[in-house]
Amino acid sequence: MFKTFIVVLLIGLLAWAFQTTRPPPPSLCGSPNGPPITAPRIKLKDGRYLAYQEHGVSKDLAKYEVIFFHGFGSGRHDGSILTPEIAEELGIHLVTFDRPGYGESDPDPKRTMKSLSLDIEELADQLGLGSKFYVIGYSMGGQSVWACLKYISHRLAGATLIAPVVNYWWPGFPANLSKEAYYQQFPQDQWALRVAHYTPWLTYWWNTQKLFPASSVIAGKAKFSHQDVQLLNKMLAVHGMKERPNVKQQGEFESIHRDMMIGFGTWEFDPMELDAPFLDNKGSVHLWQGDDDGLVPVTLQRYIAGKLPWIHYHEVADGGHLFPYADGMREAIFKTLLLGEK
């Protein structure tokens, strides 16, 4: 009788553990009881849908076609990287889109860095952006730029990475350098990244359980700099507390959790081994980084820039993670990429 009780107890514990680590299925847009479809979307070759939004001047008036990749926990609505003034002055047509699983874009359980770059190429083709276009990625979206440089560089006119999130496990980093930068993060973030890298199947459980602190970014307690706090207060004073679109409406697992699993997992390539994408000097790649960024260590960006001589590196003094939204920065970023201004 006692042995039977132990066996039943063990089976119950295993069943409980399985259920707690298993994420719920996504609530697909347009499905019964799922979120409504409100955005324009394209249908990809594999049947998934990608939601997008257009900003700036119209395509027929545009001199420059740019695709912007949003950061962690954001979406297609974030077109604020381009102001109306810059769009009119330079003639920019900007396309933003929900990366797979975010907003109204279908999840992609098989997502890789390569598959995302091919999604971007399909988006450009279906929207008629031309044979070549520019890409800009901010924060977690910067990783998509690396993927484009690897897999679809022949389609790019130029590229900009803004405070791009780094993967501490890229093999090109010296072990001591990546380790030092890794331990500059909050302890709970160190653990969240360890889980995403070594045991990705536990990512959902780790970031939803209540026993240990999960990711500070997910909890809304990110390691912001003094400048970041100032910029956040300024944005709040100007725009007030606006209701933000629910970019995680299809489920946290297929949006922010999969972002962590892909971004900090084992990549198919090492960005520090990429060849120069523009041998004819008809395009350029820029990397912008604040030297006081608490989320992305500046030491690792400096190392990447040193390893890749074709990268134009721009370090912003006293800049935090939100430095692009400081006065004059967005204008500088676009003019540097599109006009070659320094």
Side-chain angles (χ1 to χ4, degrees), residues 21-23 26 46 48 69-73 99-102 107-121 135 137-153 159 161 163-208 214-218 252-275 277 287 295-297 299-301 303-308 311:
T21 59
R22 186 182 183 185
D46 65 2
R48 288 181 295 114
F69 311 143
H70 66 79
F72 187 78
R99 291 190 282 112
Y102 278 98
D108 182 5
K110 299 179 180 178
R111 176 157 50 120
T112 63
M113 300 309 298
K114 182 175 184 178
S115 71
L116 183 56
S117 68
L118 298 180
D119 286 354
I120 293 162
E121 186 174 31
V135 292
Y138 173 50
S139 191
M140 204 73 174
Q143 295 189 338
S144 303
V145 175
W146 289 123
C148 289
L149 291 170
K150 169 65 176 178
Y151 296 112
I152 61 167
S153 61
L161 303 101
V165 170
V166 296
N167 184 323
Y168 297 94
W169 291 272
W170 285 338
F173 285 133
N176 62 327
L177 184 68
S178 58
K179 183 177 181 180
E180 179 183 358
Y182 178 79
Y183 283 109
Q184 291 175 5
Q185 305 302 302
F186 288 147
Q188 64 262 42
D189 293 327
Q190 296 172 27
W191 277 104
L193 300 187
R194 281 193 192 102
V195 170
H197 181 77
Y198 292 110
T199 55
W201 52 277
L202 283 176
T203 301
Y204 169 78
W205 172 80
W206 183 266
N207 289 286
T208 54
S215 163
S216 69
V217 178
I218 293 177
E252 291 192 355
F253 180 72
E254 287 296 348
S255 53
I256 57 176
H257 296 163
R258 192 166 295 280
D259 243 9
M260 295 176 69
M261 293 159 58
I262 300 299
F264 298 104
T266 300
W267 281 30
E268 312 100 283
F269 67 96
D270 182 349
M272 283 168 279
E273 293 182 355
L274 292 177
D275 294 325
L287 196 164
L295 300 179
V296 183
T299 54
L300 298 186
Q301 307 289 28
Y303 186 82
I304 293 170
K307 288 280 288 186
L308 301 175
I311 288 274

Residue pair N207 / S215, side-chain donor-acceptor N/O under 3.5 Å:
no
Supply the atom-to-atom distance W267 CH2 to I262 CD1, rounded to the nearest 0.5 angstrom.
10.0 Å
Nearest non-hydrogen partners of Q188 and A214, listed with the distance
CG-O, 3.2 Å
First locate atom CE of M261, then atom OG1 of T199, and finally report the distance between them rounded to the nearest 0.5 Å.
10.0 Å
Step by step, would you call R22 with W205 a side chain to side chain contact (heavy atoms under 4.5 Å, CB included)?
CA-CA 7 Å; R22 186 182 183 185; W205 172 80; over 6 Å; no
May I have the step-by-step check of side chain to side chain contact (heavy atoms under 4.5 Å, CB included) for W170 and L300, ending in yes or no?
CA-CA 11 Å; W170 285 338; L300 298 186; over 6 Å; no
Closer than 3.5 angstrom, by distance alone: can the side chain of D108 be matched with the main-chain N or O of P100 as a donor-acceptor pair?
no
Would you compute the distance between atom CD1 of I311 and atom CD of Q301 and round it to the nearest 0.5 angstrom?
9.5 Å
Would you please name every residue forming a salt bridge (Lys or Arg N to Asp or Glu O under 4.0 Å) with D119, sequence neighbours left out?
R48
How close do H70 and R99 get, heavy atom to heavy atom, and via which atoms?
NE2-N, 3.1 Å
Mind checking the NE2-CD1 spacing from H257 to I218? Nearest 0.5 Å is all I need.
4.5 Å
Do the non-hydrogen side-chain atoms of P107 and P26 ever get within less than 4.5 Å of each other?
yes
What residues form a ring pair (Phe, Tyr, Trp, His ring centres under 6.0 Å) with F186, not counting sequence neighbours?
none
Using residues 139-150 as the side-chain source, report each donor-acceptor pair under 3.5 Å to any protein atom, sequence neighbours left out, with the distance given to one decimal.
from, atom 1, to, atom 2, distance (Å)
S139, OG, H321, NE2, 2.8
Q143, NE2, V165, O, 3.3
Q143, NE2, G263, O, 3.3

Non-hydrogen atoms of S117 and Y151 that approach each other most closely:
OG-CB, 3.4 Å
Side chain proximity check, P109 to R258, heavy atoms < 4.5 angstrom:
yes
Ignoring hydrogens, what is the shortest heavy-atom contact between P164 and V296? Give both atom names and the distance.
O-CG1, 3.2 Å
What's the separation between atom CG in L308 and atom OH in Y303, rounded to the nearest 0.5 Å?
10.0 Å
Verdict with reasoning, Y198 to F264, per side chain to side chain contact (heavy atoms under 4.5 Å, CB included)
CA-CA 9 Å; Y198 292 110; F264 298 104; over 6 Å; no
Could you walk me through whether Q185 and Y168 satisfy the side chain to side chain contact (heavy atoms under 4.5 Å, CB included) test, starting with their C-alpha distance in whole Å, then the side-chain angles of each, then the deciding distance to 0.1 Å, before giving a yes or no?
CA-CA 11 Å; Q185 305 302 302; Y168 297 94; 3.3 Å; yes
Check: F69 and I120 side chains under 4.5 Å, non-hydrogen atoms:
yes
Give the minimum heavy-atom separation between P277 and S153, together with the two atoms involved.
CB-CB, 4.0 Å
Where is the tightest heavy-atom contact between S255 and R111, given as atom of each residue plus distance?
O-NH2, 4.0 Å
d(I256 CD1, Y102 OH) to nearest 0.5 Å is 6.5 Å
Would R194 and D189 satisfy salt bridge (Lys or Arg N to Asp or Glu O under 4.0 Å), going step by step from the backbone distance to the final call?
CA-CA 8 Å; R194 281 193 192 102; D189 293 327; over 6 Å; no
Any side-chain heavy-atom pair of L177 and T299 under 4.5 Å:
yes
Give a yes or no on this: more than 12 heavy atoms of other residues, nucleotides or ligands lie within 6.0 Å of atom CD of Q184.
yes
Within-4.5 Å side-chain heavy-atom neighbours: M260 and H197:
no
